[in-house]
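Residue numbers start from 1 in every chain, and the chains themselves are labelled A, B, ... in the order their sequence lines are given, proteins ahead of strands. Note that the structure is predicted; figures quoted are calculated from it, not measured.
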Amino acid sequence: DQQVKQNSPSLSVQEGRISILNCDYTNSMFDYFLWYKKYPAEGPTFLISISSIKDKNEDGRFTVFLNKSAKHLSLHIVPSQPGDSAVYFCAARSEYGNKLVFGAGTILRVKS
Amino acid sequence: SQTIHQWPATLVQPVGSPLSLECTVEGTSNPNLYWYRQAAGRGLQLLFYSVGIGQISSEVPQNLSASRPQDRQFILSSKKLLLSDSGFYLCAWSSGKAFFGQGTRLTVV
């Protein structure tokens with residue numbers, strides 16, 4: 001049972017344009033959502049997060065939007081840069097904060 | 001500051017051999033600890049998590065086990081490896097956000 005879904009396996013974007021990565025979840029008990037970035041043969045690094053009491057959080061070029069009624073969140077990267085090319089994982093926290101559930105990831109390629 | 005150490009970075013083991021991967025965390029007390037696996041071309045699958053010494057929750061039935069003998073030490077083990085155990089194993093600690101080690105690439109041959 002996949003509680004966190006990233007339905008786009010890959011995304012290709014031109015440098016300077018906006019990248020939009022999507023994530024859907026099924027568990028209404030999730031209260032905290034995170035995005036991670038991962039390069040090959042390395043551990044994921046934390047990018048940005050959002051609490052369920054907010055609908056938007058911004059950090060520089062990265063903005064995460066949360067739509068609780070739709071159980072959907074998205075990560076916007078503007079402007080996209082070649083160094084943003086990586087796998088992006090969406091994650092959600094459940095069970096009183098003890099467990100992080102990850103999506104399958106989306107490979108982002110930013111073309112120069 | 002907190003750091004997480006995971007070793008070895010790569011490992012090639014024959015089928016049927018035992019496994020022991022170790023993870024230690026510094027700079028924090030009583031962290032939640034996790035083992036994840038990333039199979040080729042797939043997402044991060046939660047294998048085990050621990051909220052305290054000796055407390056292990058298993059997420060999926062499998063050929064692996066985990067132990068937490070000390071507060072900041074988390075060990076992933078197997079008595080007999082299978083080919084399907086190959087993958088990229090990641091240890092993480094959390095106090096809200098999760099912070100990952102550099103991972104271990106395990107190849108079972």
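- Here the CZ atom belonging to Phe89(A) is positioned 4.5 Å from the CD atom belonging to Gln38(B), to the nearest 0.5 angstrom.
- Cluster annotation: Val15(B) is connected to Leu106(B) through the hydrophobic network of ILVMFWY side chains, with a link wherever side-chain heavy atoms come within less than 4.5 Å.
- Within a 6.0 Å sphere centred on CZ of Arg17(A), heavy atoms belonging to other residues, nucleotides or ligands number 12 at most.
- In this structure, Tyr36(A) has its ring center at least 6.0 angstrom away from the ring center of Tyr36(B).
- Residue Val78(A) shares its hydrophobic cluster (ILVMFWY side chains chained together at separations under 4.5 Å) with Ile18(A), Ile20(A).
- Note: the hydrophobic cluster containing Phe102(A) also contains Ile107(A) (ILVMFWY, side chain heavy atoms under 4.5 Å, direct or indirect links).
- By the criterion of side-chain heavy atoms lying less than 4.5 angstrom apart, applied directly or through intervening Ile, Leu, Val, Met, Phe, Trp or Tyr residues, Phe30(A) is grouped together with Tyr88(A) in one hydrophobic cluster.
- Grouping the Ile, Leu, Val, Met, Phe, Trp and Tyr side chains by contacts below 4.5 angstrom, directly or via other members, places Leu11(B) with Leu76(B).
- A pairwise comparison of heavy atoms in Leu100(A) and Leu46(B) identifies O-CD2, 4.2 Å as the closest pair.
- Within a 6.0 Å radius of CG in Leu83(B), more than 12 heavy atoms belonging to other residues, nucleotides or ligands are found.
- Linking Ile, Leu, Val, Met, Phe, Trp and Tyr whenever their side-chain heavy atoms come within less than 4.5 Å leaves Trp93(B) and Ile75(B) in two separate clusters.
- Contacts with chain B (heavy atom to heavy atom, under 4.5 Å) involve these residues of residues 37-52 of chain A, listed by number: Lys38(A), Ala41(A), Glu42(A), Gly43(A), Pro44(A), Phe46(A), Ser49(A).
- Taking OG of Ser57(B) as the reference point, atom NZ of Lys99(A) lies at 8.0 Å (rounded to 0.5 Å).
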